[in-house]
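What you are looking at is a predicted structure, and each value in this text was computed from that prediction instead of being measured. Order of listing sets the numbers, starting from 1, for every ligand and every atom in it.
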Amino acid sequence: MSVQVIVGAQWGDEGKGKIVDHLSENVDIVARYQGGANAGHTVVIPSRNGKTEKEFVLHLIPSGIFHRHVTCVIGNGVVLDPAALMAEIGQLNQMGIKTEGRLLISHNAHLIMPYHKLLDSVREKGDQKIGTTGRGIGPAYIDKYMRTGIRVVDLLDRDVLCKKLKRNIEQNNELLSKMYNSQELDVDAIIGEYQEFDQKIDEYVTDTSLYLNEAIRKKKKILAEGAQGALLDVDHGTYPFVTSSSPTSGGACTGLGIPPTAVNSIIGVVKAYSTRVGNGPFPTELSDETGNRLRKIGGEYGATTGRPRRCGWLDLVSLEYSIRVNGITRIAVTKLDVLDDFTEIKICTGYKANGKLLRQFPTDVQTLDVVEPVYKSFEGWCSKTSAVKKYSGLPRQARKYLEAVQKLLKTDIWMVSVGARRDQTLVVR
Ligand code: GDP
Ligand code: IMO
Ligand code: MG
């Protein structure tokens, strides 16, 4: 194996952090390829005495950081908020997790600026609310594609940074005051703040594409960690209710500067039911007591914003699509234990629109808003799975549920997660 890509197969929060942390035991490098601090990847690690656990939510640093032998890379495709990064590094260091020499940041990654966050929040006050995380992601990617963005490398040259920042802040101040009637930003204060980051970030910055390609040549094992999920992809998701990057597997190559030929496995992380946070279509959403139960048992509240996640049954129509656009070779099913107490569990196997069965997942929101899910019903197992150690030890009904998913999706299930801890992971041989 050289590069294995880990993608969220739904609308994010599938448990990518847990799966990446679990797999990190056997890899050399974990590299994030897109998104920014909109991500919240939860990792539960045993304490030093091994008796208790600690939960840590990573926003920018790859989920392999808790394995001391792993080098973590933040690729060029990520939009980096230096304030969020420094806070995360500080928290990790405080816990005794070393980042020096183990964290590499691409010199080509774009920076999130205070005006990106401000623009994100004022835009969300308009008519078409996406329900963003407010982390400045959309505006930062706009600047990247407008070719006016500021990159990590620009921090290294004081004059270039001042010139670019001045131009951007002046332009954005005009936009903020004239269009959004919002307060203007102080150019000098921002320049001062970002020059301070320069000194702190300097030791981590390098040509990460070169580093990764060298590692591929040396046959190192690399995990490419996606943020968000395929249905939030700017090209393949439920546009416009998407994020502004490419969480699908193709994004791993552009976001890290590695060739597609280096990728030999694509793992789709699939939650055993569905959730979505923010606005946009969600065909299997349950706005009833069952949805509330899923939220409560699954602890479905955003790891970044704390917002309650919308919950619903597993949706195989969107998953079949996700497997296709990502080229998913194997699946890791998470949070199976959340379904432990349900007497009946449903899977959506088709969509109907105007009385007709749809053959493919429609990505236009007008159609998605009106489709009616067709369900297949399964008997629940009504017993605890969180202490199960082997796939064969799962209740018969749980295996039946998983095997139906595998068969209908024509894709092998490789792992089943029955709890947030590392040891609550069953590998299916
Ligand atoms: P990510 O963004 O895909 O990394 O997922 P999040 O961290 O946002 O959300 C997943 C949540 O589920 C976190 O609180 C995890 O600790 C938790 N989790 C992960 N796997 C399991 C599991 O198998 N069972 C349960 N009960 N919780 C899990
Ligand atoms: P992880 O990596 C779930 C959603 C937001 C909103 C849309 C656009 O933890 O799975 P943005 O701030 O990116 O412009 O918001 O995308 N969103 C996520 N939903 N998990 C995430 O990340 C998300 N990151 C963004 O809620 O609907
Ligand atoms: Mg998350």
Side-chain angles (χ1 to χ4, degrees), residues 6-22 32-45 53-60 62-63 78-79 81 112 116-117 119-121 123-124 129-142 225-234 237-245 247 268-273 275-282 294 297-310 332-340 384-386 388 415-426:
I6 312 294
V7 290
Q10 294 152 312
W11 280 286
D13 303 326
E14 298 89 350
K16 298 175 293 292
K18 143 127 201 200
I19 297 297
V20 170
D21 170 67
H22 176 82
R32 254 288 291 277
Y33 59 84
Q34 44 68 237
N38 48 349
H41 295 183
T42 314
V43 177
V44 174
I45 42 162
E53 289 90 36
K54 198 169 165 44
E55 185 184 275
F56 197 95
V57 180
L58 294 154
H59 300 288
L60 284 163
S63 305
V78 171
V79 280
D81 178 347
I112 299 224
H116 292 138
K117 290 188 236 179
L119 282 167
D120 195 357
S121 80
R123 280 202 184 126
E124 284 284 288
K129 287 188 184 59
I130 305 287
T132 71
T133 59
R135 299 299 188 266
I137 306 298
Y141 279 113
I142 290 177
E225 176 178 358
Q228 290 81 52
L231 303 176
L232 288 173
D233 186 284
V234 70
T238 52
Y239 192 89
F241 299 100
V242 292
T243 191
S244 303
S245 66
V269 185
V270 175
K271 200 182 287 194
Y273 49 95
T275 62
R276 173 164 205 169
V277 57
N279 301 334
F282 182 1
L294 282 171
I297 302 171
E300 296 296 353
Y301 294 89
T304 296
T305 59
R307 291 178 291 176
R309 294 174 183 151
R310 299 154 66 192
V333 176
T334 59
K335 304 190 91 160
L336 184 75
D337 56 297
V338 175
L339 301 179
D340 281 354
K384 290 267 163 282
T385 56
S386 50
V388 172
M415 278 181 188
V416 180
S417 173
V418 291
R421 293 198 318 262
R422 278 177 189 164
D423 63 342
Q424 293 175 305
T425 316
L426 320 176

Once rounded to the nearest 0.5 Å, what's the spacing between atom OG1 of T385 and atom CG of D340? 3.5 Å

Check whether any N, O or S atom of V57 sits under 2.8 Å from the Mg ion (ligand 3). no

If you measure from each non-hydrogen atom of W11 to ligand 2, which part falls under 4.0 Å: side chain, backbone, both or neither? backbone

For atom 2 (O) of ligand 1, what is the nearest protein heavy atom, given as residue, atom name and distance? G40 O, 2.9 Å

Looking only at distances, please establish whether an N/O atom of ligand 2 is found under 3.5 Å from an N/O atom of D120. no

Do Y141 side-chain atoms and G35 backbone N/O form a donor-acceptor pair below 3.5 Å? yes

Sequence neighbours excluded, the answer for side-chain hydrogen bond (donor to acceptor under 3.5 Å, both in side chains) partners of K271 is T275, E300

Identity and distance of the protein heavy atom lying nearest atom 12 (O) of ligand 2: T133 OG1, 2.6 Å

Please list the nearest protein heavy atom to atom 4 (O) of ligand 1 with its residue and the distance rounded to 0.1 Å. G17 N, 2.8 Å

Looking only at distances, can you tell me whether any N or O atom of A303, backbone or side chain, sits closer than 3.5 Å to an N or O atom of ligand 1? no

Steps toward side chain to side chain contact (heavy atoms under 4.5 Å, CB included) verdict (T132, N38): CA-CA 8 Å; T132 71; N38 48 349; over 6 Å; no

For A303, is the nearest heavy atom under 4.0 Å from an atom of ligand 2? no

Between T425 and K18, do the side chains contain an N or O donor and an N or O acceptor separated by less than 3.5 Å? yes

Residue, atom and distance of the protein heavy atom nearest atom 19 (C) of ligand 1 read K18 CB, 4.0 Å

Report yes or no: does a heavy atom of R421 sit under 4.0 Å from some atom of ligand 1? no

Nearest-contact summary for atom 26 (N) of ligand 1 - protein heavy atom, Å: D337 OD2, 2.7 Å

Restricting to N, O or S atoms, which atom of D13 is closest to the Mg ion (ligand 3)? OD1

Shortest heavy-atom approach to atom 5 (O) of ligand 1 - which of S63, A420, G15: G15

To which protein heavy atom is atom 27 (N) of ligand 1 closest, and what is the distance rounded to 0.1 Å? K335 CE, 3.5 Å

Would you say the side chains of S417 and R422 form a donor-acceptor pair under 3.5 Å? no

Could you pull out, from K129, K16, H41, the option with a heavy atom nearest to atom 10 (O) of ligand 2? K16

Students should be able to answer this: which protein heavy-atom is nearest to atom 19 (N) of ligand 2, and at what distance? V277 CG1, 3.3 Å

Have a look at ligand 1 and work out which part of K16, if any, has a heavy atom under 4.0 Å from it: side chain, backbone, both or neither. both

Using a 4.0 Å heavy-atom cut-off, say whether T42 meets ligand 1 through its side chain, its backbone, both or neither. both

Side chain, backbone, both or neither: the part of R309 lying under 4.0 Å from ligand 1 by heavy atom: side chain

Judging by distance only, is a nitrogen or oxygen of I137 under 3.5 angstrom from one on ligand 2? no

Measure the distances from the heavy atoms of G419 to every atom of ligand 1 and state whether one is below 4.0 angstrom. yes

Are Q424 and S386 close enough that some pair of their side-chain heavy atoms sits under 4.5 Å apart? yes

Heavy-atom proximity to atom 15 (O) of ligand 2, best of T132, V79, N279, T42: T132

Ranked by distance from atom 10 (C) of ligand 1, the top protein heavy atom is D13 O, 3.9 Å

Under 3.5 Å between any N/O of V338 and any N/O of ligand 1: does that happen in this structure? no

Residue part near ligand 2, for R307, under 4.0 Å between non-hydrogen atoms: side chain

With nothing but distance in play, are any N or O atoms of S417 less than 3.5 Å from an N or O of ligand 1? yes

Is a donor on one side and an acceptor on the other found under 3.5 Å between the side chain of E124 and the backbone of D120? no

Can you name the nearest heavy-atom pair linking V79 to I137, along with the distance? CG2-CD1, 4.0 Å

Which is closest to atom 21 (C) of ligand 2 by heavy-atom distance: Q228, R32, E124? Q228

What protein heavy atom sits nearest atom 13 (O) of ligand 2, and how far away is it? T243 OG1, 2.6 Å

Hey, mind stepping through R276 and T238 against side chain to side chain contact (heavy atoms under 4.5 Å, CB included) and telling me if it holds? CA-CA 12 Å; R276 173 164 205 169; T238 52; 3.2 Å; yes

Taking distance alone, with no angle check, do S244 and ligand 2 share an N/O pair under 3.5 Å? no

Under-4.0 Å heavy-atom contact with ligand 1, by part of V418 that carries it: backbone

Taking atom types as modelled, find out whether T133 and R135 have a side-chain donor-acceptor pair closer than 3.5 angstrom. no

Among V242, L231, V57, closest by any non-hydrogen atom to atom 7 (C) of ligand 2: V242

Residue and atom name of the nearest protein heavy atom (relative to atom 4 (C) of ligand 2), distance in Å to one decimal: L232 CD1, 3.9 Å

At what distance is the nearest protein heavy atom to atom 5 (C) of ligand 2, and which residue and atom is it? G131 O, 3.6 Å

Taking atom 20 (N) of ligand 2 as the reference point, the nearest protein heavy atom with its distance: D13 OD1, 3.1 Å

Enter the distance from F241:CZ to K129:NZ here, rounded to the nearest 0.5 Å. 11.0 Å

